[in-house]
> 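For reference, the structure I am asking about is given below.
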Amino acid sequence: MSTIRKLPDHLINQIAAGEVVERPASALKEMLENSLDAGADRISVDLAQGGIKLIRVSDNGRGIAQDELALALDRHATSKIASLDDLEQVATLGFRGEGLASIASVSRLTLISRRHDDEHAHQIIAIDGHLHPVEPAAHAPGTSVEVVDLYFNTPARRKFLKSENTEYAHCAATFERIAMGQPQVEFILRHNGKVIWRLPQQSLAERVGALLGKDFVEASLALETHAAGLGLSGFVASPTYSKSSRDDQYFYVNGRFVRDKIAQHALRQAYRDVLHHERHPAYALFFTLDPANVDVNVHPTKIEVRFRESQGIHQFLFHSVHKALAATSAGNSPTVAQSDAGDTPAADDSSASTPPATTAAPAANASSAAAPAANVGRMPFQTPRYEQQSIPLQVARESIGVYDKQFAGLRQQERAPQPVPAPAVPLPVSTAASLPDASDGIPPLGFALAQLHGVYILSQCEDGLIVVDMHAAHERIVYERMKTALEQDNIPMQPLLLPVSFAADRFEVATAHEHGDELQRLGMELAPLSPTQIAVRGVPVWLKDGNPVELARSVLKEVRDYGLSQVLTERRNALLATMACHGAVRANRQLTLTEMNALLRDMEATERSGQCNHGRPTWTRLSMRDLDNLFMRGR
């Protein structure tokens, strides 16, 4: 007959250790959090054999009094909370008081501590959970916790540990996560006597750059938003910096690294329009809120939290990051983009197809579109004058005769008088001898030079060469225009002079007949002609050059598969992206210089134009230094 009995404290601690101390990295996390809660600003970590043989954490924090050393290794003994009210609004990283007790029950632990006003330090040793008497010791003000032979007394648990390299990788990841969230603290990490990390006290940007690398910093957007007691700061990487895994995703709640499904979903949704397929975004974000509005006591390792107002938190995170990504446009450096989308970087740009409202300012006084702050010296009604100018080359005429024959018609078309003056119209050779300097108002994406294989646009910018994927760029421009128009319930329709009919199955005909009036909200006019034919009578004005049959089939398929209400709500962006892809300029379409420059100007004025609807980059820059390196100039 079974008998209910009370378990001994030592066995209770070992059971708790199975939850709290899963591996050496878990013990390291508990020890680092204790050091930070003690107010340390310098922490040193020593590991041996991946943390299996040795974990030592030393700090310069407040220290522990002599008569409290034994209590520090007792279960559920802590100085961080004293009541349920304290637990519900805990602001420290640790609070349960079971970390050191659990570690001590499965290792040989030595705790040495000295308060700043004590004459010397004291130490206590715990082996297999049994405490030795407190003894005097030598130690600088602060605390050191040394853990040797983790799980030496529970061989069944120790055999589940991985190799030394694997356990060290987990310890290093834990160290980096905690170090990133505390840039005001100096950290040192040694493994087997070799210094791996030496991080001084530094700013958040410097700490993130040191841990995630220069590439992340160069591809990141600084973010700073506050609303209704919530704050979000940090860095989100450009979609082109996306990763195949979630390794470079760092999210902190009140300084605590967590993995929260609400936050992950919100951030994923913010990248939805610009992320390529199954790639994952990279970010280092620090979220702050009232501790009373978040429950951190929902997981033994404190890696998960629960928000009391999860829906509001989701909306705040989504809109903050979505706004930061939307505030960028092609040609602008991502490191200067802020979360406030109110000032579009290319707001002063004029479309190449739209004449200026007033006389343009002289080119010498126009400012670059990449620097809105420089507009202070210009009158509000003046706009910069962007002029395409030719570059004279001293080349024998016979050597370029083949080009004259091939492009004679194109050159005549480019030099023909334009009925309406536009900023992107090329000037005669005699007007100017070279492209203007940056001070003359060169826009961020420069001026088009040529088209390569009917796919790419080559443009000369201030400091090198810009290469633009014209289909991807135009796709994003059309997509953003359609999103804006649909939000205003006003997608302009272009009636077709000659309706285009196509053979359709009975489901397509039924869908067109049932939802014909609603489809006009999308700028589509479809008319069933018979049980097997549909006529396309109108398409969105931005898609008039696309294939109307393919466009109609795509729209009907979306509506048939998901229903019109869902297409206009949850799947709205997916449908508009598909429509934009059909209407974007195709490869091998020959563009004039005027059209190419118009596309470049539209890119500069369009949100998220650095990526197409599928997350692929739309442009890249080769600086003069990159080009010089290709040809080994200056070596």
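This structure is a prediction, so every number in the text was calculated from the model and none was measured. Along the sequence shown, residues carry numbers from 1.
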> Take a 6.0 Å sphere around CZ of R306 and say whether it holds more than 12 heavy atoms from other residues, nucleotides or ligands.
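Atom CZ in R306 is not crowded, with 12 or fewer foreign heavy atoms closer than 6.0 Å.
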
> Looking only at atom types and distance, does a side-chain atom of D295 sit under 3.5 Å from a main-chain N or O of R308, one as donor and one as acceptor?
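No, D295 side chain to R308 backbone: no donor-acceptor pair under 3.5 Å.
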
> Quick check for you: to the nearest 0.5 Å, what is the distance between H191 atom NE2 and K194 atom NZ?
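Answer rounded to 0.5 Å: 10.5 Å.
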
> Under the rule for side-chain contact (heavy atoms from CB on, under 4.5 Å), what residues qualify as partners of S113, not counting sequence neighbours?
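Per chain and number, S113 pairs via side-chain contact (heavy atoms from CB on, under 4.5 Å) with I64, L69, T143.
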
> Heavy-atom count check: over 12 atoms from other residues, nucleotides or ligands less than 6.0 Å from R158 CZ?
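Yes, enclosed.
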
> For the atom pair CG (L161) and CD (E22), what is the distance rounded to the nearest 0.5 Å?
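Nearest 0.5 Å value for the CG-CD distance: 9.5 Å.
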
> How far apart are the C-alpha atoms of L36 and I43, what are their side-chain angles, what is the distance that settles it, and do they pass the side-chain contact (heavy atoms from CB on, under 4.5 Å) test?
CA-CA 8 Å; L36 292 171; I43 300 176; 3.7 Å; yes

> May I ask you to decide whether E167 forms a salt bridge with K162, counting only side-chain N to carboxylate O separations under 4.0 Å?
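Salt bridge between E167 and K162, a charged N being under 4.0 Å from a carboxylate O: no.
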
> With a 4.5 Å heavy-atom cut-off, do Y252 and M180 have their side chains touching?
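Of all side-chain heavy-atom pairs linking M180 with Y252, at least one is under 4.5 Å.
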
> Other residues, nucleotides and ligands only: do more than 12 of their heavy atoms fall within 6.0 Å of CD on Q315?
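Enclosed: over 12 neighbouring heavy atoms sit under 6.0 Å from CD of Q315.
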
> Restricting to ring-ring contact (aromatic ring centres under 6.0 Å, His included), what partner residues turn up for H265, sequence neighbours left out?
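Result, ring-ring contact (aromatic ring centres under 6.0 Å, His included) vs H265: H314.
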
> Which residue pairs pass the side chain to side chain donor-acceptor pair (under 3.5 Å) test with at least one member in residues 63-72, sequence neighbours excluded?
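Pairs touching residues 63-72 that pass the test: Q66-H122.
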
> Evaluate the side-chain contact (heavy atoms from CB on, under 4.5 Å) criterion for residues Y250 and V208: first the C-alpha distance (whole Å), next the side-chain angles of each, then the deciding distance (0.1 Å), finally the verdict.
CA-CA 10 Å; Y250 294 82; V208 171; over 6 Å; no

> Sequence neighbours left out, what passes ring-ring contact (aromatic ring centres under 6.0 Å, His included) with H170? Give chain and number order.
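Once residues adjacent in sequence are excluded, H170 has no partner under the ring-ring contact (aromatic ring centres under 6.0 Å, His included) criterion.
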
> Who are the ring-ring contact (aromatic ring centres under 6.0 Å, His included) partners of H139, not counting sequence neighbours?
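With sequence neighbours excluded, H139 shows a ring-ring contact (aromatic ring centres under 6.0 Å, His included) to no residue whatsoever.
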
> Pairs in or reaching into residues 198-240: which pass ring pair (Phe, Tyr, Trp, His ring centres under 6.0 Å), with residues at least two apart or in two chains?
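Matches after skipping sequence neighbours: F216-Y241.
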
> Report yes if the side chains of Y271 and H280 come closer than 4.5 Å at any heavy-atom pair, otherwise no.
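In short, these two side chains do not touch, never coming nearer than 4.5 Å.
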
> Go through it in stages, so that I can follow the logic: the residues are I55 and I103, the test is side-chain contact (heavy atoms from CB on, under 4.5 Å), and I'd like the CA-CA distance, side-chain angles, deciding distance and then a yes or no.
CA-CA 11 Å; I55 306 173; I103 297 171; over 6 Å; no

> Within the 4.5 Å heavy-atom criterion, are V294 and N254 side-chain neighbours or not?
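A side-chain contact under 4.5 Å exists here.
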
> Hey, could you give me the CG/CG distance between L47 and L54, rounded to the nearest 0.5 Å?
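Here the interatomic distance stands at 7.5 Å.
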
> Tell me whether Q184 at atom CD has more than 12 heavy atoms from other residues, nucleotides or ligands lying less than 6.0 Å away.
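More than 12 heavy atoms, drawn from other residues, nucleotides or ligands, come within 6.0 Å of this atom.
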
> Report yes or no: does Y479 contribute a side-chain atom to a donor-acceptor pair with the main-chain N or O of C612 at less than 3.5 Å?
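No, because the side chain of Y479 does not come within donor-acceptor range (under 3.5 Å) of the backbone of C612.
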
> Side-chain contact, heavy-atom cut-off 4.5 Å: L232 with L230?
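L232 does not reach L230 side chain to side chain.
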
> Taking atom CZ as the centre, does R42 end up with more than 12 heavy-atom neighbours from other residues, nucleotides or ligands that are less than 6.0 angstrom away?
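Result for CZ/R42: open.
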
> Between R476 and E480, is there a salt bridge with N-O shorter than 4.0 Å?
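Yes, this pair counts.
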
> Quick one: are R621 and D626 in side-chain contact, heavy atoms under 4.5 Å?
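The answer is no; the side chains never approach within 4.5 Å.
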
> Within the supplied structure, the quantity of interest is the number of heavy atoms (other residues, nucleotides, ligands) at a distance under 6.0 Å from K53 NZ; does it exceed 12?
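No - once you tally the heavy atoms of other residues, nucleotides and ligands closer than 6.0 Å, there are 12 at most.
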
> I'd like to check W197 versus V45 (side-chain heavy atoms, cut-off strictly below 4.5 Å). Are they in contact?
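No, every pair of side-chain atoms sits at 4.5 Å or beyond.
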
> Only one of Y168, F257, F187 passes ring-ring contact (aromatic ring centres under 6.0 Å, His included) with F175; say which it is.
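The option that passes is F187.
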
> Using modelled atom types and a 3.5 Å cut-off, is there a donor and acceptor pairing between side-chain atoms of R114 and backbone atoms of A65?
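No; zero donor-acceptor contacts below 3.5 Å.
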
> If we count only N and O atoms by modelled type, under 3.5 Å, do the side chains of S44 and R190 hold a donor and an acceptor together?
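Yes, side-chain donor-acceptor contact under 3.5 Å.
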
